[in-house]
Amino acid sequence: MSIQHIVQQQKDFFKSQKTKDISFRKKTLKLLLKEIIVREKDIINAIHEDFRKPEYETVMTEISIVVSELKLMIRNINKWSKPKRVFPSILNFPSSAKIYNEPFGNTLIISPWNYPFQLAFAPLIGAIAAGNTVLLKPSELTPQTSNITKKIIEKVFQSSHVSVIEGGVDISQELLQLRWDYIFFTGSVSVGKIIAKAAAEHLTPTTLELGGKSPCIIHKSANLKLAAKRIAWGKFINCGQTCIAPDYVLIHSSIKDKFTTLFKEELQKAYGNNPESSEDFARIINTKNFERLQDMITNETVSIGGKTNKENHYISPTLVDSPSLTSKVMQEEIFGPILPLISYTSEEEIDEIISKYEKPLAFYVFSNKKSFAKKMISKHSFGGGTINDTTVHFANHRLPFGGIGESGVGSYHGKRSFDTFTHQKGVVSRGTWLDIPTRYAPYKGKLKQLKMLLKLGS
Ligand code: NAD
């Protein structure tokens, strides 16, 4: 079936009003949940084939998140989709007022490769729960996961409701030529700008989940051992290919050496003497990214790791000591298992470094001095963050997840996913038993009464 044909089918399906039926949405979400549970092993194997992601990480960071989003939607869909009564305005007396939740219509979701299952399904669940149709374009760089994604979708949904189109940039651009009611994109900043331009053509609303250089500050008061452990976990999970991984560490100069020692110990505990043979360490997605990352450490002082193997896209967990801000590793988002460690001596230095970059997607501060952590959080602008840990704000569906400035537009997770894919329609219903004459012409002699009504008097 051609893309045009599928899109036309989805337009017709949305017009049929079928997706407005809450029990239909619930039924399909329940079927999806069942299918994902049945297919758990296939999903784990597919992601493992794509970049050797460990089963444990797939369960923790892909399947469990999707399953809990599904359960949350199924539990709350009745409540969230109901029209909400709000206080009527006295100016409209007599009247009642309600907010109706309306699906946007035909949505396009374009997803990346780094969490290939979760980042395709999490927005899709929100879109379906809110009553939209979905055309999903997963990443071409994780073909096994895209393939299992397609199989799951085809088993659960009619193609006129939800469809998966596999393919790369060409297909993505072909899809962007079409007119959508909503586009949800997760990926790089540069492609995010291409999406925004295409969407502007039809004034299509978008959510853009992008990336950036997320800083991690370690204050002298921090519990350094715990910081080393939690930073190593958040940085090297998924082989560092996480949009909210700490990109670089800013550490007080007095504790830098101690941190390096503790960090080495934590890495040893997690991945052993040779992380290449550890089952718990994934691989770089492809040769292009491997070379990009290898290039970043070529002329740097590497204090831990730095081992590479092109054949299996392996780069060991690596700590780069004091790179210059003009070095490659400090010029772009790293998106791999390389962590620059830069020391500071004053708060001004922290501010100066962070302000050299665009507003990041994530922000981390390790400190046992609450006032320092609070000051950092309020001073700097970022998508979301965590104090005394890394990446875990992602896992709380009550928190909005999204960027600001170049790291993204809009947010999702939990109820926000439902709201993201929902247009809120405000409707007033006027009573007909009384019609106050004040607003009607002729106006002569009514201004005083109007001002009283509008409370414009002194
Ligand atoms: P990417 O932008 O290269 O690709 C994302 C999607 O866009 C893929 O489906 C791809 O086929 C498509 N695409 C690529 N080039 C295109 C083009 N020229 N025109 C139209 N479509 C195009 O991103 P990626 O390499 O898959 O993912 C890595 C980036 O994504 C990183 O920058 C990371 O920070 C970001 N990311 C952000 C989040 C988030 O939630 N904010 C999550 C994961 C990844």
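Every heavy atom of this structure was used, including side-chain atoms; hydrogens, water molecules and symmetry mates were not. When a ligand or atom number is given, it counts from 1 through the structure's own listing order.
No salt bridge links R179 with E201; every basic N to acidic carboxylate O contact stays at or beyond 4.0 Å. Electrostatic pairing of E406 and K193 counts as a salt bridge here, judged by a charged N lying under 4.0 Å from a carboxylate O. Classification of R52 and E57 as a salt-bridged pair fails, no side-chain N sitting under 4.0 Å from a carboxylate O. Salt-bridge annotation for E154 and K151: absent, with no side-chain N of the basic residue lying under 4.0 Å from a carboxylate O of the acidic one.
Of the residues listed (Y357, Y248, F382), the one engaging F363 in a ring pair (Phe, Tyr, Trp, His ring centres under 6.0 Å) is F382, and it is the only one. Partner of Y182 under the side-chain hydrogen bond (donor to acceptor under 3.5 Å, both in side chains) criterion, chosen from T420, T207, T107: T207.
Proximity of L361 to ligand 1, defined as any heavy-atom pair under 4.0 Å, is confined to the side chain (atoms from C-beta onward). At a 4.0 Å heavy-atom cut-off, ligand 1 touches N114 through the side chain alone. Only backbone heavy atoms of S111 (N, CA, C or O) come within less than 4.0 Å of ligand 1; its side chain stays farther off. With a 4.0 Å heavy-atom cut-off, ligand 1 is reached by no atom of T242. With a 4.0 Å cut-off on non-hydrogen atoms, I110 touches ligand 1 through its side chain and not its backbone.
Residue nearest to atom 40 (O) of ligand 1, selected from F335, F401, F185, Y115: F401 (by heavy-atom distance).
Look at G408 and you'll find every heavy atom at least 4.0 Å from all atoms of ligand 1.
Protein heavy atom nearest atom 23 (O) of ligand 1, with residue, atom name and distance: S188 N, 3.4 Å. With respect to atom 35 (C) of ligand 1, the closest heavy atom belonging to the protein is G187 O, 3.1 Å. Among all protein heavy atoms, the one lying closest to atom 34 (O) of ligand 1 is E333 OE2, 2.6 Å. The protein heavy-atom contact nearest to atom 24 (P) of ligand 1 is W113 NE1, 3.4 Å. Here the heavy atom of the protein found nearest to atom 12 (C) of ligand 1 is S172 OG, 3.9 Å. L210 O, 3.1 Å is the protein heavy atom nearest to atom 37 (C) of ligand 1. Considering only non-hydrogen protein atoms, atom 36 (N) of ligand 1 sits nearest to C243 CB, 3.5 Å. Ranking the protein heavy atoms by distance from atom 13 (N) of ligand 1 puts V191 CG1, 3.8 Å first.
For atom 18 (N) of ligand 1, the protein comes within 4.0 Å by at least one heavy atom.
Judged by distance alone, the side chain of K150 and the main-chain N or O of V164 form a donor-acceptor pair under 3.5 Å. Not one N or O on the side chain of S172 forms a donor-acceptor pair closer than 3.5 Å with the backbone of V169.
The 12-atom threshold is exceeded at CG of N312, counting heavy atoms of other residues, nucleotides or ligands nearer than 6.0 Å.
Between H161 and F13, the ring-plane angle classifies as tilted under the 30° and 60° cut-offs.
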